[in-house]
Amino acid sequence: MAYVVQITESAIETNPRVAEYRESVGERVRFDSAADAEALVEKFNTEGEGAVRLRHVHEEHPLEEQDVVDGYVEPA
């Protein structure tokens, strides 16, 4: 099941690498899993200045067809 992440304005202000990524893919990103999203956040922290984190909102989608946000990339 997909894992949807919202990249916040405060995250792009904190880390220029996050800003570049959001500019190319948009403010919502769909991953195959939470682990994939976590890996990208680690990459942002390694490559860019300013720490960000992934804040989880839902462990699973409440309804399979519902478009919800499962997590947010935000300043650490």
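Predicted model, so just to flag it, every value in this text is computed and none were measured.
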Just wondering, do [Y] and [X] contact through their side chains at under 4.5 Å, heavy atoms?
X	Y	value
Tyr72	Ile7	no
Val29	Val4	no
Val41	Val73	yes
Val57	Arg55	yes
Asp32	Tyr3	no

Let me confirm one number: the [atom1]-[atom2] distance from [X] to [Y], rounded to the nearest 0.5 Å.
X	Y	atom1	atom2	value
Asp70	Gln6	CG	CD	11.5 Å
Ile12	Glu74	CD1	CD	14.0 Å
Glu49	Phe44	CD	CZ	15.0 Å

### Message
So does Ala51 get a backbone contact from the side chain of Asn15, meaning a donor-acceptor N/O pair under 3.5 Å?
### Response
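No, because the side chain of Asn15 does not come within donor-acceptor range (under 3.5 Å) of the backbone of Ala51.
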### Query
Within the side chain of Asn45, is there an N or O that forms a donor-acceptor pair under 3.5 Å with the backbone of Val52?
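Yes, the answer is positive, given that a donor and an acceptor are paired below the 3.5 Å cut-off.
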### Task
Locate the shortest heavy-atom distance separating Pro16 from Thr14; write the atom from each residue and the value.
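Smallest interatomic distance, heavy atoms only, reads CD-O, 4.1 Å.
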### Shortest non-hydrogen separation from Ala11 to Pro75 and the atoms involved
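Heavy atoms only, the tightest pair is N-CD, 3.9 Å.
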### Query
Got a salt bridge between Arg22 and Glu9, using NZ or NE/NH1/NH2 to carboxylate O under 4.0 Å?
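Yes, this pair counts.
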### Query
Got a sec: does the CD of Glu23 have more than 12 other heavy atoms crowding it under 6.0 Å?
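Atom CD in Glu23 is not packed in, count stays at 12 or less.
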